[in-house]
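A short worksheet on the structure shown next.
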Amino acid sequence: MNKMVITCAVTGAETTKEHNPALPVTPEEIAVSAYEAYEAGASIIHLHVRDEKGNPTQDIEVFKKAMSLIRKKCDVVIEVTTGGAVGMTPEERLAPVTLEPEMASLDCGTVNFGDEYIVNTLPVMREFASAMEKYKVRPTLECFDLSHVYGAEVLIKENLIKPPFHYGFVLNVPGGVKYSVENLNFLVSKIPQGSFFTVMGIGGRASLLSHYGAISTGGFIRVGFEDNIYYSKGVLAKSNAQLVERAVRISHEAGFEIAKPDDVRKLLKLRSE
Ligand code: ZN
């Protein structure tokens, strides 16, 4: 398939309006930004939500509202986070999976997150994988490190997740593995044959370079304010859509068509397909 799948992570857990005033925070703002990203060419929206104070929350009522507002506007594939935010319990993080989104992120190991850390033990990962299987949610196996690729392999060997496998390589988190062509290539070489993967570079430069990395390794692209708030050095992005538009241009230049949500449903064998 010569189609590029573009995910847009519109909000995330860490970014605030002080970092970039265009950050969508309320369910209404998130739905508008998700729709603009979809119109620009994103086929998957990676979804985090915030409470009334703008802090990250895994409250299913807020997820439900954001999801229904997005679905009213378009048929984009929704991938909810189960990474949540630093300090949340596994139960909190898993909650939005019960809303039966088509996809969800599944962190495949423990990782430094700046001065904080995110804990994912194998028992937690098994619990998350089993819940996703139960609710027919396609996991994105998020790997911040080589050990996470092997963590995911445990889940596969134990038959807790079924193919097709979709990995997400998250590179350049402060205190984690840096984004480089060499690191990306190495990680890609370790996943099962026939797997799909999306490349995420955290921070302006890594995010942009990761588009080219994805293109040259056969992966998919992720953009959005969760990963990067800049359009170029020192220049804030105006919107999530602006970042999607650039990813579309780069993909077109490399000879790709842009995947539609229904292409993703077929490719990743999502529930609705
Ligand atoms: Zn996320």
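All residue numbers in this chain count up from 1 along the given sequence. For ligands, and for the atoms within them, numbers begin at 1 and follow the listed sequence.
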Review point. Is there a donor-acceptor contact under 3.5 Å linking the side chains of T7 and E79?
Key: no
Output for pair (R222 CZ, D227 CG), nearest 0.5 Å, gives 4.0 Å
Sequence neighbours excluded, the answer for salt bridge (Lys or Arg N to Asp or Glu O under 4.0 Å) partners of R126 is E158
Atoms of type N, O or S from protein under 2.8 Å of the Zn ion (ligand 1), total 4
ask   = Would you call the rings of H166 and F220 parallel, tilted or perpendicular if under 30° counts as parallel and over 60° as perpendicular?
value = tilted
**Prompt:** Do R93 and F128 meet the cation-pi criteria used here (NZ or CZ under 6.0 Å from the six-membered ring centre, within 45° of the axis)?
**Reply:** no
- Message: Counting C-beta onward and ignoring hydrogens, is there a side-chain heavy-atom pair between Y179 and V199 closer than 4.5 Å?
- Response: yes
